[in-house]
Amino acid sequence: QVQLLESGGGLVQVGGSLRLSCVASGRTFSLYPMGWFRQAPGKEREFVAATMWSSAATDYTNSVKGRFTISRDNAKNTVYLQMNSLKPEDTAVYYCAIRSQRGVSYLREESYDYWGQGTQVTVSS
């Protein structure tokens, strides 16, 4: 059974940094694209960042470009999200996911088959 476990969330002040981690178990996913989504109260889950099997190929939603960095360590079946210069609007539950439905855009959650339970990130002003 495939499981994903996020960690690293918490409460941080405006301008601070957090590093989220997501470890996959049950099988290896070194050749699968992976992504991060987030969901704030009253809003739909939205795309944040994605990476192909190599961290050299990445994409981000416009609101986090220049502040967030997605990376992966395939030997550890782990994907990371480094978040710098955090803003109150970054407050949300963050989810990692594994993508296997390549017929659907990686910007859509329907493209991802496996999801973690989420980790809360709260940015106070």
Peer 1: Taking transitive links into account, so neighbours of neighbours count too, which hydrophobic residues share a cluster with Leu31 at under 4.5 Å side-chain distance?
Peer 2: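 Hydrophobic cluster check, Leu31: no partners found.
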
Peer 1: Side-chain contact, heavy-atom cut-off 4.5 Å: Met52 with Thr58?
Peer 2: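 Side chain of Met52 against side chain of Thr58, heavy atoms only: no contact under 4.5 Å found.
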
Peer 1: Would you please name every residue forming a salt bridge (charged side-chain N to carboxylate O under 4.0 Å, His left out) with Arg45, sequence neighbours left out?
Peer 2: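 Result, salt bridge (charged side-chain N to carboxylate O under 4.0 Å, His left out) vs Arg45: Glu109.
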
Peer 1: Report whether Phe37 and Tyr106 are members of the same hydrophobic cluster (ILVMFWY, side-chain heavy atoms less than 4.5 Å apart, transitive linking).
Peer 2: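 The answer is yes; both residues are in one hydrophobic cluster.
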
Peer 1: Quick one: name the residues clustered hydrophobically with Leu5, using the 4.5 Å side-chain heavy-atom rule over I, L, V, M, F, W, Y, and just say none if it's on its own.
Peer 2: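 Direct or chained contacts put Leu5 with Val23.
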
Peer 1: For residues Ala49 and Leu81, report the shortest heavy-atom separation together with the two atoms involved.
Peer 2: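 Closest approach of Ala49 to Leu81, heavy atoms only: CB-CD1, 4.2 Å.
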
Peer 1: List in chain and number order the residues that pass salt bridge (charged side-chain N to carboxylate O under 4.0 Å, His left out) with Glu110, two or more places apart in sequence or in another chain; answer none if no residue qualifies.
Peer 2: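 Partners of Glu110 under the salt bridge (charged side-chain N to carboxylate O under 4.0 Å, His left out) test: Arg108.
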
Peer 1: Mind jotting down which residue pairs meet the side chain to side chain donor-acceptor pair (under 3.5 Å) criterion with at least one end in residues 4-17? Sequence neighbours excluded, please.
Peer 2: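 Of all non-adjacent pairs touching residues 4-17, those that pass side chain to side chain donor-acceptor pair (under 3.5 Å) are Glu6-Gln117, Ser17-Asn84.
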
Peer 1: What pairs with Ser85 under side chain to side chain contact (heavy atoms under 4.5 Å, CB included), at least two apart in sequence or on another chain?
Peer 2: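 Ser85 satisfies side chain to side chain contact (heavy atoms under 4.5 Å, CB included) with Arg67 once adjacent residues are dropped.
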
Peer 1: I'd like to check Arg102 versus Pro33 (side-chain heavy atoms, cut-off strictly below 4.5 Å). Are they in contact?
Peer 2: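 Heavy-atom side-chain distance check passes, below 4.5 Å.
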
Peer 1: Mind checking the OG-CE spacing from Ser71 to Met34? Nearest 0.5 Å is all I need.
Peer 2: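 One gets 11.0 Å once the value is rounded to the nearest 0.5 Å.
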
Peer 1: Treating Thr119 as the side-chain partner and Gly9 as the backbone partner, does any N or O pair qualify as donor plus acceptor under 3.5 Å?
Peer 2: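 Here the side-chain-to-backbone pair exists.
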
Peer 1: Who are the side chain to side chain contact (heavy atoms under 4.5 Å, CB included) partners of Ser54, not counting sequence neighbours?
Peer 2: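 Residues passing side chain to side chain contact (heavy atoms under 4.5 Å, CB included) with Ser54: Ala56.
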
Peer 1: For Arg38, enumerate each residue passing the salt bridge (charged side-chain N to carboxylate O under 4.0 Å, His left out) test, keeping only those at least two apart in sequence or located in another chain.
Peer 2: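 Glu46, Asp90.
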
Peer 1: In Å and rounded to the nearest 0.5 Å, what is the OG to CD distance from Ser25 to Gln3?
Peer 2: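 Here the rounded value is 5.0 Å.
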
Peer 1: Counting C-beta onward and ignoring hydrogens, is there a side-chain heavy-atom pair between Leu86 and Val14 closer than 4.5 Å?
Peer 2: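 No, side chains not in contact.
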
Peer 1: Is any side-chain heavy atom of Val121 closer than 4.5 Å to one of Val93?
Peer 2: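 No, side chains not in contact.
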
Peer 1: Return each pair, listed once, that meets ring pair (Phe, Tyr, Trp, His ring centres under 6.0 Å) where at least one residue sits in residues 53-103; pairs must be two or more places apart or across chains.
Peer 2: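 Of all non-adjacent pairs touching residues 53-103, none passes ring pair (Phe, Tyr, Trp, His ring centres under 6.0 Å).
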
Peer 1: Any pair with a residue in residues 55-89 that passes disulfide bond (SG atoms under 2.5 Å apart), sequence neighbours left out, goes on the list, sorted by first then second residue, please.
Peer 2: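 For residues 55-89: none.
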
Peer 1: Do you know the tightest heavy-atom contact between Lys65 and Asn62?
Peer 2: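 It is NZ-OD1, 3.1 Å.
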
Peer 1: Does Thr28 have any side chain to side chain contact (heavy atoms under 4.5 Å, CB included) partners at least two apart in sequence or in another chain, and if so, which?
Peer 2: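 In terms of side chain to side chain contact (heavy atoms under 4.5 Å, CB included), with neighbours along the sequence ignored, Thr28 is linked to Asn77.
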
Peer 1: Between the side chain of Thr91 and the main-chain N/O of Val123, is any donor-acceptor distance below 3.5 Å?
Peer 2: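 The answer is yes, because a donor-acceptor pair under 3.5 Å joins these two groups.
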
Peer 1: Scan residues 33-122 for pairs that pass disulfide bond (SG atoms under 2.5 Å apart), counting only residues two or more places apart or in two chains.
Peer 2: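 Only Cys22-Cys96 qualify under disulfide bond (SG atoms under 2.5 Å apart).
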
Peer 1: Starting from Val104, can I reach Tyr114 by hopping between I/L/V/M/F/W/Y residues whose side chains sit under 4.5 Å apart?
Peer 2: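 Hydrophobic grouping puts Tyr114 apart from Val104.
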
Peer 1: Show the nearest heavy-atom pair for residues Arg99 and Ser105, with the distance to one decimal.
Peer 2: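 What the structure gives for the nearest pair is NH2-C, 4.1 Å.
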
Peer 1: Going only through I, L, V, M, F, W and Y residues with side-chain contacts under 4.5 Å, is there a path from Trp115 to Tyr32?
Peer 2: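 Not linked; separate clusters.
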
Peer 1: Would a hydrophobic clustering, with Ile, Leu, Val, Met, Phe, Trp and Tyr connected at side-chain separations under 4.5 Å, put Met83 with Phe47?
Peer 2: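 Cluster IDs for Met83 and Phe47 differ.
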
Peer 1: Is Leu4 reachable from Ile70 through a run of I, L, V, M, F, W or Y residues, each pair having side-chain heavy atoms under 4.5 Å apart?
Peer 2: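 Yes.
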
Peer 1: How far apart are the closest heavy atoms of Ser125 and Pro88, and which atoms are they?
Peer 2: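 Of all heavy-atom pairs spanning Ser125 and Pro88, the closest is CB-CG, 4.0 Å.
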
